[in-house]
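Sequential numbering from 1 along the given sequence is applied to the chain's residues. Remember, it's a predicted structure, so these values are computed and weren't measured experimentally.
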Amino acid sequence: MTAPFVPLDPRGAVLGDEVYARLGEAILDGRLAPGERVRDQELAEWLGVSRTPVREALQRLERVGLVEVSPHRYTRVSHPNRQTDTAELVAFNMGLAARMASARAEEEEIVEAVERLDAVIAASRADDSVALAEASQAFFAVITRAAGNYALLQFVREYEFAIRRDMVGWQPFLECPVGRTAAYEEFREAFVARDGDRAEALLRGIHGLP
């Protein structure tokens, strides 16, 4: 197994969440590599915690697909899912968040979201797929909070690690930067006008969904 983790100092944090976050980040940065077997006792010793929060964290990671468990045989880091599956899920949720945020967000939240959206448009115009992915993620985070839907917010938070891992190397569905940027600008107009139906439809179209 890879180098040990820095032991946790759980003061001021929920221990189970902190262990989950540490293990999730370790999977993302490769300290825990795809196919690598993990043992709760060893992880607990490295993190300086009991086995209980480690087991709970591994169960959560299994639910979101980052860990595979074969009872009485092994627990190991999974390989990334098909990017198209995750991209489709993210696009649908972005559309829902845009629809709800359009109707429910406070004015200052709309302003913040539009600032993030302008960064998306700039990255699209520059045809920079890495910057486009980062800006889109920042925009999604803002509108998810602004949507005012606790279930959606919890879902996105729980699946954050899986989304971040599976979306590495993402490329936009619309390849032409001119047409793609025009589509984002049209989406911006709908979002600013708080036209949730149109905003959702446009965003889905940008990501190749019906």
Side-chain angles (χ1 to χ4, degrees), residues 24 27-28 34 61 63-66 78-106 109-210:
I27 291 172
L28 291 187
L61 291 166
R63 286 198 296 271
V64 300
L66 268 67
S78 67
H79 290 268
N81 292 323
R82 289 199 313 147
Q83 189 183 85
T84 52
D85 291 346
T86 303
E88 182 179 52
L89 180 64
V90 170
F92 270 114
N93 280 301
M94 284 183 71
L96 288 172
R99 172 192 286 271
M100 290 187 285
S102 295
R104 304 173 184 174
E106 301 291 339
E109 292 175 317
I110 293 291
V111 170
E112 182 182 6
V114 171
E115 289 177 356
R116 300 294 188 276
L117 184 52
D118 285 341
V120 171
I121 293 171
S124 176
R125 186 176 292 115
D127 202 20
D128 185 337
S129 61
V130 174
L132 180 56
E134 292 175 351
S136 295
Q137 182 179 347
F139 173 69
F140 186 29
V142 172
I143 61 173
T144 301
R145 292 195 304 271
N149 186 294
Y150 181 77
L152 176 62
L153 183 60
Q154 288 300 103
F155 172 82
V156 172
R157 283 177 175 171
E158 192 71 5
Y159 279 83
E160 178 187 359
F161 288 125
I163 291 170
R164 286 168 58 192
R165 183 179 72 163
D166 293 346
M167 294 295 285
V168 170
W170 170 85
Q171 294 293 319
F173 173 76
L174 298 177
E175 296 181 0
C176 174
V178 176
R180 183 180 61 237
T181 302
Y184 274 121
E185 289 173 337
E186 189 177 0
F187 166 73
R188 185 187 189 281
E189 292 177 3
F191 185 76
V192 170
R194 291 181 178 267
D195 186 343
D197 289 346
R198 183 163 169 257
E200 181 180 19
L202 288 167
L203 194 56
R204 288 188 175 186
I206 288 170
H207 293 284
L209 299 178

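Residues Ile121 and Asp118 form a side-chain contact, since some pair of their non-hydrogen atoms from C-beta on lies under 4.5 Å apart. Looking at Leu209 and Glu88, their side chains come closer than 4.5 Å, going by heavy atoms from C-beta outward. Here the side chains of Val64 and Phe161 are not in contact, with every heavy-atom distance at 4.5 Å or above. For the pair Asn93 and Phe140, the minimum side-chain heavy-atom distance is below 4.5 Å. With contacts defined as side-chain heavy-atom distances shorter than 4.5 Å, the pair Leu89/Phe155 qualifies. Under the 4.5 Å side-chain criterion, counting only non-hydrogen atoms from C-beta, Leu132 is in contact with Tyr184.
In this structure, the salt bridge (charged side-chain N to carboxylate O under 4.0 Å, His left out) partners of Glu112, at least two apart in sequence or on a different chain, are Arg116, Arg145. For Glu186, the salt bridge (charged side-chain N to carboxylate O under 4.0 Å, His left out) test picks out Arg198, with sequence neighbours left out. Evaluation of the salt bridge (charged side-chain N to carboxylate O under 4.0 Å, His left out) rule for Glu134 yields no partner, not counting sequence neighbours.
The minimum heavy-atom distance between Trp170 and Ala133, with the atom names listed, is CE3-CB, 3.7 Å.
More than 12 heavy atoms of other residues, nucleotides or ligands sit less than 6.0 Å from atom CD of Gln154.
Side-chain N or O atoms of Thr86 include none that pairs as donor or acceptor with a backbone N or O of Met167 at under 3.5 Å. Checked by atom type and distance alone, the side chain of Arg194 pairs as donor or acceptor with a backbone atom of Ala105 at under 3.5 Å. Put simply, the side chain of Arg99 never gets that close to the backbone of Gly196: no donor and acceptor are under 3.5 Å apart. Side chain of Arg188 to backbone of Leu117: no donor-acceptor contact under 3.5 angstrom is found. Side-chain atoms of Ser78 come within 3.5 Å of backbone N or O of Leu66 as a donor-acceptor pair.
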For this session: Just do the side-chain hydrogen bond (donor to acceptor under 3.5 Å, both in side chains) check on Arg180 and Ser124 with the steps written out, would you?
Result: CA-CA 7 Å; Arg180 183 180 61 237; Ser124 176; 2.9 Å; yes
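Using cut-offs of 30° and 60° on the angle between ring planes, the pair Phe187 and Phe139 is perpendicular.
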